[in-house]
Amino acid sequence: MTTAAQNVASDIKDLGLADEGRRRTDWAERSMPVLRQIGERFARERPLAGKRLSACLHVTTETANLAVALQAGGADVALCASNPLSTQDDVAAHLVKHHGIKVFAIKGEDHTTYYEHIRAALAHRPDITMDDGADLVGALHMIALNRLDDLAPPVRAWVETLAPGERKALVAGVMGSTEETTTGVIRLKAMAQDGVLQFPVVAVNDSETKHLFDNRYGTGQSTLDGILRATNFLIAGSTVVVAGYGWCGRGFALRARGAGANVMVTEIDPLKALEAQMDGYRVAPMAEAARVGDVFVTLTGNIHVIRLEHMRAMKDGVIIANSGHFNVEIDLDALRGAAQGPTRVRELVEEWKLDGKRVYVLADGRLVNLAAAEGHPASVMDMSFANQALAAEYVVKQGARLGRDVHRIPRDLDREIARLKLQAMGVGIDTLTPEQRKYLASWDLGT
């Protein structure tokens, strides 16, 4: 951590990278017109004035523009990383030096440092949290439920210094939260179902302008980009196995096929499997796909989708990557116990020797699109982070009326984001005529 960074209570790699971070953040901002308009309105109206906001997100150029927009709205922002390998150190430095935003993120940070940064974001004592994977909300709930043994040691050690009243106030002070990704929404809905959710959460991921575009087009392109940057592997003519056919899997399958791959899909949901089959992909169980695939990518949000028995069945030289949120989709512990290695053969490629065959794992099983590439294109994140900014405003305005549940952003806000995006793209659409409105609202006009 630099001395200058310490002056604003941050923990980053090198403040000297700030100018490069500003240049790259400005480049991303050119492709984020919707968030720009929201930021300009926020600067005028200050809807977040006086609110402390802690965000656990991927620290990228696009996130930097979100943080600046939130700050323009009056929020006191603290930012930590939601993945140890996704941080762009120059962007972190830019936010600290040029905007005075508290940032706790270093690319490649170890497990202890990662949770020390989670602790720092919690110590900001937020009124609003903003998550990508529910790590902040998860920690707050372990505190609320007095399950301190389930906290990571750096967080637990800090919480144990707080009096019971301080712990209660820390959780009670949160008006609400926003959640960016499918994995986090799944965790939060489980908490709501169990009746333990302590405050309302807005599921940004459930907005159509998020999951239909970010998950499909953003993940699709950036995952392929990460694999290519890490390996320089020829996709054309290869067999690519896509584990999971949700919106992320759909997007990646589409891009892999566009690059010339023979795409196979594995699924546990019969409806999604049927859709993949009807979309022209070969659908098979993982045990069958394992014998023929050249590249495997998990995009499920679940644990141990690729297990040791699958890896034992795979070809020599197989490439395995993950583009789901956490690095649990590939059973790396089982691989470590059974294989020799790893040998680092490229910057983000580790070779394991298993039963005389070579297995290549990309980016330690973490998000390959962020660890090996730059994540989603800024034009896609423009819509996702517009949702995040409006969700934070929604929590401030409506949080007291919302129940302790997982909520969607109102559909009119979702549609407004789409309208602004189309406007920025120079695309016009039709509007209903009075006759058409009457017809759609009537039941007695017949055919």
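Sequential numbering from 1 along the given sequence is applied to the chain's residues.
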I'd like to know if Asp355 pairs up with Arg312 as an ion pair, taking the criterion as any Lys NZ or Arg NE/NH1/NH2 lying under 4.0 Å from an Asp or Glu carboxylate oxygen. yes
side-chain contact (heavy atoms from CB on, under 4.5 Å) with Lys421: which of Thr209, Val380, Asp382, Val427? Asp382
I'd like to know whether the aromatic ring centres of Phe199 and His141 sit less than 6.0 Å apart in this structure. yes
Give a yes or no on this: more than 12 heavy atoms of other residues, nucleotides or ligands lie within 6.0 Å of atom CD of Gln221. no
Heavy-atom count check: over 12 atoms from other residues, nucleotides or ligands less than 6.0 Å from Gln193 CD? no
Can any side-chain N or O of Ser86 pair as donor or acceptor with the backbone N or O of Asn83 at less than 3.5 Å? yes
Between Thr61 and Glu29, does a side-chain contact (heavy atoms from CB on, under 4.5 Å) hold up when you go through it step by step? CA-CA 8 Å; Thr61 56; Glu29 194 272 344; over 6 Å; no
Examine Arg250 relative to Trp247 and say whether NZ or CZ is less than 6.0 Å from the centre of the six-membered ring and inside a 45° cone about the ring axis. yes
With side chains defined as the heavy atoms from C-beta onward, is the minimum distance between Leu48 and Val396 less than 4.5 Å? yes
Side-chain contact, heavy-atom cut-off 4.5 Å: Arg24 with Asp90? yes
Heavy atoms only: give me the nearest Ala105-Asp89 pair and the separation to one decimal. O-OD1, 4.3 Å
Which heavy atom of Ala373 sits nearest a heavy atom of Ser222, and at what distance? CB-O, 4.2 Å
Around Arg415, counting heavy atoms of other residues, nucleotides and ligands shown, do more than 12 lie under 6.0 Å from its CZ? no
Quiz: residues 252-267 side-chain donor-acceptor pairs under 3.5 angstrom, not counting sequence neighbours:
residue, atom, partner, partner atom, Å
Arg257, NH1, Asp279, O, 3.0
Arg257, NH2, Asp279, O, 3.4
Arg257, NH2, Tyr281, OH, 3.3
Glu267, OE1, Asp269, N, 2.9
Glu267, OE2, Tyr245, N, 2.7

Decide, yes or no, whether a salt bridge links Lys97 with Asp14 under the criterion of side-chain N to carboxylate O below 4.0 Å. no
Using side chain to side chain contact (heavy atoms under 4.5 Å, CB included) as the criterion, list what pairs up with Pro410, not counting sequence neighbours. Tyr394, Asp412, Leu413
Do Glu329 and Thr300 have side-chain atoms, one donor and one acceptor, less than 3.5 Å apart? yes
